[in-house]
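A short write-up of the structure that comes next.
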Amino acid sequence: MTDKKNHIDILHLANLAKVEIDEAAELKLESDIKSIIKMISKMMEVDTSDTLPLKSPLDSAQRLRPDQVSEKPNRDLLQRGAPEIKDGFFTVPRVIE
Amino acid sequence: MIGLEVHVQLATTSKIFSGASNEYGSLANENTCEIDLGLPGSLPVLNEKAVEMAVKFGCAISAEINEISIFDRKNYFYPDLPKGYQISQFENPIVGRGSIKITDEAGATKIIGITRAHLEEDAGKSIHDLFQGRTAVDLNRTGTPLLEIVSEPDIRSAREASEYFKQIHNLATFIGICDGNLSEGSMRCDANVSVRQKGDSLLGERTEIKNINSFKFVERAIELEIERQIDVLEDGGEIVRETRLFDPDKDETRSMRSKELSEDYRYFPDPDLLPLVLSREEIEKIKSELPELPQQREKNYQSRFGLSGYDSKQLSVDRSKSDFFEELAKASGLPKLSANWVNSNLSSLLNEKGLGFDQTPILPSLLAEILIRIDDGTISSTSGKKLFRAFCETPPEIPEIDDRIDEMGLRQIGGTDGLKDIVLDILKEHPTQLAELLKGKQKVLGFLVGQVMKKTKGAANPKEVNEIIQGEIKKG
Amino acid sequence: MTQTQFTIKALAEALSNGKVSSVELTKEAINAARGDTNNCFISLSEEHALQQAHDADVQIRNKASSFLTGIPMAHKDIFCTKHSTTTCGSKMLENFAAPYDATVVRKLDDAGMVCIGKTNMDEFAMGSSNESSFFGAVHHPWDSDYVPGGSSGGSAAAVAKGYVPFATGTDTGGSIRQPSAFCGVTGLKPTYGSISRFGMVAFASSLDQAGPIGLSALDLAHSFAFMAGFDKRDSTCAKRRDDWLDRIKSEGFTPGHSPKKIGLPRGRIFNEISYQNAFETARRQLESSGHSFVEVDLPNLEHAVPVYYVLASAEASTNLARYDGVRFGHRCNDPRSLEDLYRRSRSEGFGEEVKRRILTGTYTLSVGYFDDYYVKAQKIRRKISDDFTATFSKVDALMLPTTPDTAFKLGSLNDDPVSMYQQDLFTVPASLAGIPALSIPCGFHNDLPVGLQLIGPANSEKTILEIACEYQKNTTWHLARPHSNSVLEKF
């Protein structure tokens, strides 16, 4: 387990997370994240063999809502901070499928 | 070997996690709110109707309904996925293992296993050909509730796949969880296709064809993909695991560059949504409210009413049609006549008017009164049709029916001396034809019956007229 | 060092007696905030505030006011407000104008409070020093060479400086309690789910909780009563039966006092705090009020920091995926392709700390690591929660230090994220368990304020607030102010 964790492929993570990292930053980030992972890995020593994961401090069931339309169309307000709008569409550089 | 993932848009009023309208066809981005747009600070709250519909479907395929299910985040970036993740169910779906019956190529019943069905939110739409150099993003569809139904790889041919898709479509529309509108994308499917080489025990690598939205296209897309895979293998090539797109215009499937199958989606339980918990009682309640399903109805129509297989199928696909038929058959006590009427006269009238069976202009109880009167000879079949048309325009109260028949002069002159007299008159008026008939020329019989019908303005029962003429001939 | 009496309670009395109007108070507060040299605020909204103050004065005249009506306050810039930008301390949201108000904002507006502006914070609430803000670090109110703590550093410093008697904060792993302790003010992280998260920009959804920062535990009880409550727009917002909170809204809070059994966790980490003397003096003070102390064991507490960083980073990495430059927020210039748009917009929009956490979270959620890290952390989270549950069957509350040390110097931990994370040692356990925790000033160490933490079982805010009120009745640490020019003291 320790083996695979010695290597952290920062560029792969950056690709998944869609952030751009230049070479200088890559080294620093890699060493930061390595030390963070090392700190985190200390918890591995805890025996959790008979413990269930706790997903939320609220140990209760999900609350649902009735099937009602409660929102009125309000496109102009919702799009007021949009970087690029054309005829009510959000637009981005063309994607080739 | 083929597995299908069918995405069924649930016919809720509002979206799965927001109170925005779930209506189709508004202006771009009109039916959205901060939750659909994934604006900072917005939070999802699950629509109880979507849950109910998922359970309904699960019960309809006799599946295990999970009392606890979990919503997970499926993480990937795409312009029509506002939050950068899709809320879906990964390890703990709401509906577990079930099955559905289809008819295979040989006409035999085949059971297709359903691995699971889970709730998730639909993504928006990216439109690539609207603007020069830009992809336009419309998020109206974002947050439409989807039930994704995953089949076992039990499907063996393209036709079976299309049949399976059809069955899911019938069932989902029948139990009222989907409007079934394929052209609007209310139901779409992804097909996983892999071929096994002769003599090879191992299955080859699979490809996934995305977003197919018609029965015909499913069949064609799979046919093409099977051919393609066989060609590749025969040429000594290898099948690459990939996502492909079916292009009906070019009649081909092609690789999609924008999607990688091996993407790391980093599924994890959505911390904004606690476990979805259903009680046994809630599940049982939904189950008990489920209508009798098409395949069961079809069987009943054959065994209980003696209807043909074809008629039974015709009557049981559409829920409103089937319900109408059942009420009509019950009220009239005439299942066969009811079946004929629903499949012919009523169907063509609705067709003309562009109406569905949930919008019939006549109540089954009233139509039953017409059928009863046809059956007992009060009116002829032809008169029955006239009466039906008239009643669709201005429906009478039940006690007024007979007055209306008389007003319209449709009461059949049957079995009385009156009809016999008319027949005798007609025979007298047409001595040549009578002579021919007496010589055994049956052809003129139709002509003479026609003349009687003309004289009685259709009020006579042609069968009876026929019998009277035959009787006269025997007498000589 | 001076003392202030100008709490919410004092101001509310002055307003209802007609000694001062809300408009006067608001003008003074804004003027003072304008002269602020500690960088407490990201934005001020005079026009909006004066309108609210005017309305408040009308309500007060018409005797249609609440306990909070007319009192100036500030929101941490993580709460969405329609009337101004909501930046979350990030370049990504530098110009983001939310089309809606957070539920907390709406509730305090409805109570008649006057929002003078939005306070500075660590970017996306990720930080323990307020240095990760795109809008610059906040300086410590007592010594500007020091950090005020984070992430609600702007709120804590603004209250300490006396610009407002109360500000909102959010606490994911200590972001209310730690800056409150550093700045010498009082801060409450309530039970998870007691205040709606709607409109509060998410950092780690299973941990984030809004809460009040103020001058006294009594003031916190009042503001908490108005902030808390069921919200149909947040399905994790609990339906609580809290008659005492309803009563506060109508009658005000009269804290009761009954002797409580307080647990003191044992262990190495608790012996290493720098302000043992102040902490021990506070304990004796509480003892003299009739409370008793017992030592307790919380064996899994020491694993809280790694567990917290796994969970918080993982949740953050996906909560922050929506900042993609498509629908709102920062977009890079002239993107060549969609991929370029994503990468550059996010790289330009996010600061270093945020990127570190996104990448850490991406890593721990990745295929092959998920069970080792994320699921493992959730399991230990249960163990920590179970430790608390077991302890609270024996004691009414726990007393812990809020921080290991006093505030540290600006820039001193910037290059060492792991040491920075250790700052949260005493605050993350209550966050993981989702239970209420309160930090109150308990003295000074090296001329800087220090705080102690009272932690109770779920929904026991009343108990810990009452212990704190009793303590603050007998001590004056919470009233100590860095300078004598607090504007609110004019009244």
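Throughout, a chain's letter reflects where its sequence line sits, starting with A, and its residues are numbered from 1.
With a threshold of 4.5 angstrom between heavy atoms, A:Q79 does not approach chain C through any atom at all. Contact of C:E339 with chain A is made through the side chain alone, with heavy-atom distances under 4.5 Å. With a 4.5 Å cut-off on non-hydrogen atoms, C:S366 touches chain A through its side chain but not through its backbone. The part of C:V418 that comes within reach of chain A is its side chain, from C-beta onward, which places non-hydrogen atoms under 4.5 angstrom from that chain. In this structure, the portions of C:T236 lying under 4.5 Å from any heavy atom of chain A include both its backbone and its side chain. Interface remark: A:N15 contributes backbone and side-chain atoms alike to the contact with chain C (heavy atom separation under 4.5 Å). Interface remark: C:D386 contributes no atoms to any contact with chain A (heavy atom separation under 4.5 Å). For chain C, the nearby part of A:L29 is the side chain; its heavy atoms alone come within less than 4.5 Å. Neither the backbone nor the side chain of A:K38 comes within contact range of chain C; no heavy atoms are under 4.5 Å apart.
Ranking A:V92, A:L52, A:L16 against chain C, the residue ahead of the rest is A:L52, based on heavy-atom pairs under 4.5 Å. Listed options C:P335, C:G193, C:S431 were ranked by heavy-atom pairs under 4.5 angstrom with chain A; first place goes to C:P335. With chain A as the partner, the residue from C:G329, C:A321, C:A98 showing the most heavy-atom pairs under 4.5 Å is C:A98. Interface check for chain C: of the options A:E84, A:K42, A:Q62, the most heavy-atom pairs under 4.5 Å are formed by A:E84. Taking chain A as the reference chain and counting heavy-atom pairs below 4.5 Å, the highest number among C:T191, C:I358, C:V310 is found for C:V310.
One finds the CD atom of C:Q422 at 8.5 Å from the OH atom of C:Y309 (value rounded to the nearest 0.5 Å). The CD atom of A:E23 sits 9.0 Å away from the CG atom of A:L11 when rounded to the nearest 0.5 Å. To the nearest 0.5 angstrom, C:T427 atom OG1 is 9.5 Å from C:L432 atom CG.
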Check the pair C:Y308 / C:Y421 against ring-ring contact (aromatic ring centres under 6.0 Å, His included), numbers first and verdict last. CA-CA 10 Å; C:Y308 170 80; C:Y421 297 170; 8.5 Å; no
Does the pair C:M92 and C:F328 meet the rule for a side-chain contact (heavy atoms from CB on, under 4.5 Å), with working shown? CA-CA 9 Å; C:M92 184 59 87; C:F328 60 87; over 6 Å; no
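For C:L341 against C:S345, the heavy-atom pair with the smallest separation is O-OG, 2.6 Å. A pairwise comparison of heavy atoms in C:C80 and C:F96 identifies SG-CE2, 4.3 Å as the closest pair. Closest heavy-atom contact between C:D372 and A:M43: O-CE, 4.1 Å.
A perpendicular orientation is assigned to the rings of C:F124 and C:F350, their planes being inclined by more than 60° (bins at 30° and 60°). In this structure, C:Y369 and C:Y373 have tilted ring planes: the angle between them lies in the 30° to 60° band.
Contacts between residues 64-71 of chain A and chain C, counted as heavy-atom pairs separated by less than 4.5 Å, involve no residue at all.
Residue A:D22 qualifies as enclosed at atom CG: its count of foreign heavy atoms under 6.0 Å is above 12. The environment of C:K232 atom NZ is sparse: at most 12 non-hydrogen atoms of other residues, nucleotides or ligands sit within 6.0 angstrom.
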